[in-house]
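So the structure is just underneath, and the comments pick up after that.
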Amino acid sequence: MLATMSRPTFPQTSFLPSEARPIGTAAGIVEDEQGGVCFLYGWAHGCWDAGEDAARRLAAVQLVQVGAVTRREAAAGFDVTTTTLWRWEKDYQMKGLAGLLRERTGPKGPSKLTPERVARIRQLAAEGGTLAEIATQTGVSTDAVRRALGRGKKALPGAPTKGASPLPAVAAQLPALPHPEPRWEERAAARAGVLVEAEPVFTQGRELPFLGLLLALPALAETGLLEAAQSVYGKLSNGFYGLRSVLLMLVFLALLRDPRAEGATRIVPQDLGRVLALDRAPEVKTLRRRLRELADRGLGSEFVKALAQHHAQARSEAMAVLYLDGHTRVYSGKRRLSKTHITRLRTAGPATEENWVCDGEGEPVLVVMQKPGRSLVKELKALLPELRELVGDRRVTICFDRGGWSPELFWELQQAGFHFLTYRKGRKRQEPASSFVSVCHREARKEYALSDRRVRLQLPPAKGRPKTFLVRQVTILKDDHQAQILTSRFDLEAVEVAYQMFSRWRQENYFRYGRTHFALDALDSYQVHDDDPERSVPNPARARLRRQLLRARQQLTEAEAAYGKAAQGNPEARRPTMRGFKIANADLGQQLQTAREKVRVLDAKMQDTPSRLPLKEVAPGTQLLDAESKLVTHGVRMSAYNGESALARLLAPYYRRAQDEGRALLREAFRTSGSLEVVGDHLEVCLNPLSAPRRTRALAALCDQLNQTETRYPGTGLVLRYSVNQAPTVA
């Protein structure tokens, strides 16, 4: 029996037959229906006829034992798993060549499922017969019918497997994990500045990592990311990596949950290069340089607007309700940024404020960088023309929280052709308990206690505007708390108004999901610029005086209360006059006088202190983070999230827990490997099975749905065609 050696001791040659399939760098194999031959350094190492499994296994075992190839390379070359090859080695060590002989498994007697009967069963199944009917007509049990149709745990070899397709014979001959061909000439042309962008060239092979990322391309085409970028930016400067490859790289990193440019350091460049149809993926410095080039053009807002217009056309049914909310992007670096209130942290800190618009399903549509110091009300007023251009003549509903409370804004929304939906802010009269009615929402299957009536809101005086206007108030009662909703929608049922208002949490869920999975708040660029030194900001000295004045007035109240209490219970019987009382309580009187004087002084200082000052006097040297780079990455990650949402919708009918686990399945699918082959005008993507049969069946159904889209790989005329391999059989 051969012992494992570090290197072979026989003559070496690099010659291999042209039809040989390489196994590592030292061996190769030639197989057809008549048998096969294994070569080692150009010499015939072993041969076998068709059906001689023991000789074939012996050749694989000996390749590993002599140290010519690794166990993984040998397993890939002989098309088995590493576990199977390891079992062959153990059997060979224990029993010799006899251990490699295949023993018959299963029942020893003749099977009722003869080839003729199996063919008859499959014919009846194709005609729509039930299991019981087929079993009666063929004279076998229903379990045997299931096995013949591939629906049982002991399916017959060659039976159709639900949720998986067999590996094509041509694909089985593809090399496993081949290295992409270097493209030195094109890179030299890129360095000379004469190459506009590298053309896609596919590396065909098996077991290619991250091939599941190609599942996102049909959904990405629905978001219009590449078309919007090309219409806004045109193209990047000449180089090997152009606009297409850079955007696809950023999308793929986001889908792999490593969305920053630094994520490229944690992935083998060749692995993502095969998916990008290049020899290797761009490095971190290249991605940053290209992002900086896009940001320098100052077209980030136009890019996001183009994506929003495409979304409004593709998902018009979801644009009936628009959720608008501000988002605070926390900054934890060393730059000096203006502070703002961070709601989820319940404190103030350095941050950048953004305004997001999401559709009725909570998918992001538009993002606008909020100007420092501006309120949500002012931002919403400035955003109305863009929203009108986005939705056309439709009268959509804009939903926002109490931060946008302003009766004047509500009036302007109505005049601009929008409905509004928000919570009431400030003091409000409680509704009587008798006015609430229990109503159930049919779709959400939730029950609400609602009170519905009409109220009038006061408007600030203005020419051509009424003093009040009529709105609808729907109040929700939960326990002892009442939440009042105001809206201009008089046509909806009260329960639908409540449901749409509570559905605003879909947008909050996107913020939470985006922070966790898509680095929504990540610092994608270290560029900063100076804030406007003349910008008016609140005077912090006045805020300090206000706090001191509040404390002084509280002390004055306490001193007055103590003085009054002493006057009420005066123990001085010898001097009952007020003059006598003052003499007896001189200390309390002095404290009261001091408290009054302190309030007077602080009140005078408040009057002399301006409420606002230029920024240069309050916080000189304040900076702002670069907004253009963030808008580009926001657009990419919005497209990645919306594309993933589109895939989750396609997956839902075929996966029982799609609402809870659909995105988790997609995350696994994006990381799965598979085979890639160009067949005519099609790009065949054959993915490996997932971690569970039910997930594999759902993935196969998703592939069937994606095949109907006839999506072409960007930059080529090749139509993507997806399938799922059968799980490898362990010998």
Side-chain angles (χ1 to χ4, degrees), residues 1-104 157-158 166-179 181 203-208 675-679 684 686 725-726 728-731:
M1 203 169 297
L2 293 174
T4 303
M5 297 184 292
S6 59
R7 64 176 63 184
T9 59
F10 41 78
Q12 301 181 20
T13 174
S14 60
F15 175 76
L16 279 177
S18 59
E19 66 273 17
R21 185 168 70 246
I23 303 177
T25 59
I29 185 174
V30 177
E31 277 190 300
D32 55 23
E33 64 277 0
Q34 298 179 358
V37 181
C38 179
F39 293 90
L40 178 60
Y41 288 99
W43 300 86
H45 173 67
C47 62
W48 56 90
D49 291 332
E52 292 185 353
D53 295 335
R56 185 176 185 272
R57 297 175 183 181
L58 178 62
V61 169
Q62 290 180 341
L63 278 180
V64 178
Q65 287 187 331
V66 300
V69 297
T70 64
R71 184 178 288 112
R72 181 180 178 183
E73 292 172 340
F78 282 83
D79 198 21
V80 294
T81 64
T82 55
T83 304
T84 299
L85 183 59
W86 175 82
R87 186 179 295 112
W88 290 351
E89 294 180 56
K90 293 300 179 183
D91 292 342
Y92 184 61
Q93 292 175 4
M94 297 289 294
K95 303 178 183 179
L97 187 59
L100 299 178
L101 295 174
R102 176 177 295 178
E103 298 180 359
R104 179 177 178 182
L167 185 67
V170 178
Q173 300 178 4
L174 294 172
L177 203 63
H179 290 283
E181 290 293 331
T203 300
Q204 304 181 66
R206 294 182 293 117
E207 303 302 325
L208 304 185
S675 62
L676 186 67
E677 184 182 11
V678 178
V679 181
E684 299 284 349
C686 202
N725 293 338
Q726 287 183 354
T729 303
V730 179

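None of the values given here were measured: they were computed from a predicted structure.
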Seminar exercise, completed: Exactly one candidate in Gln93, Arg71, Glu89, Lys90 meets side-chain contact (heavy atoms from CB on, under 4.5 Å) with Val61; the answer is Glu89
Exercise. Is there a side-chain contact between Thr81 and Trp86 (heavy atoms, below 4.5 Å)?
Worked result: no
Exercise. Are Val80 and Trp88 side-chain neighbours, meaning at least one heavy-atom pair lies under 4.5 Å?
Worked result: yes
Problem set entry | Considering all heavy atoms, the nearest Ala176-Ala76 contact | CB-CB, 3.7 Å
Problem set entry | Residue pair Ala20 / Pro22: nearest heavy atoms and the distance that separates them | O-CD, 3.6 Å
Problem set entry | Distance (rounded to the nearest 0.5 Å) between Leu100 CG and Asp91 CG | 6.5 Å
Problem set entry | Nearest-0.5 Å distance, CZ of residue Arg206 to CG of residue Leu174 | 7.0 Å
Problem set entry | Gln62 (side chain) donor-acceptor with Ala59 (main chain) under 3.5 angstrom | no
Exercise. What do the steps show when you test Leu208 against Ser675 for side-chain contact (heavy atoms from CB on, under 4.5 Å), and what is the final call?
Worked result: CA-CA 6 Å; Leu208 304 185; Ser675 62; over 6 Å; no
For this session: Quick one: pull up SG in Cys47 and CD in Glu31 and give me the separation to the nearest 0.5 Å.
Result: 12.0 Å
For this session: Could you check Val678 against Gln204 for side-chain contact (heavy atoms from CB on, under 4.5 Å), going step by step and ending with a plain yes or no?
Result: CA-CA 7 Å; Val678 178; Gln204 304 181 66; 4.1 Å; yes
Problem set entry | Step-by-step side-chain contact (heavy atoms from CB on, under 4.5 Å) determination, Val37 to Ile29 | CA-CA 6 Å; Val37 181; Ile29 185 174; over 6 Å; no
For this session: Find out whether Arg57 and Tyr92 are in side-chain contact, i.e. whether some heavy atom of one side chain is under 4.5 Å from a heavy atom of the other.
Result: no
For this session: Output, in order, the C-alpha distance, side-chain angles, deciding distance and verdict of side-chain contact (heavy atoms from CB on, under 4.5 Å) for Leu40 and Ile23.
Result: CA-CA 9 Å; Leu40 178 60; Ile23 303 177; over 6 Å; no
Exercise. Under a 4.5 Å cut-off applied to non-hydrogen side-chain atoms, are His45 and Leu63 in contact?
Worked result: yes
Exercise. Do Leu177 and Arg72 come within less than 4.5 Å of each other through their side chains, counting heavy atoms only?
Worked result: yes
For this session: Identify the heavy atoms of Pro175 and Pro178 that sit nearest to each other, and give their distance.
Result: O-CD, 3.6 Å
Seminar exercise, completed: d(Trp48 CH2, Arg56 CZ) to nearest 0.5 Å is 6.0 Å
Problem set entry | Note, Val64 side chain near Leu85 side chain (heavy atom, < 4.5 Å) | yes
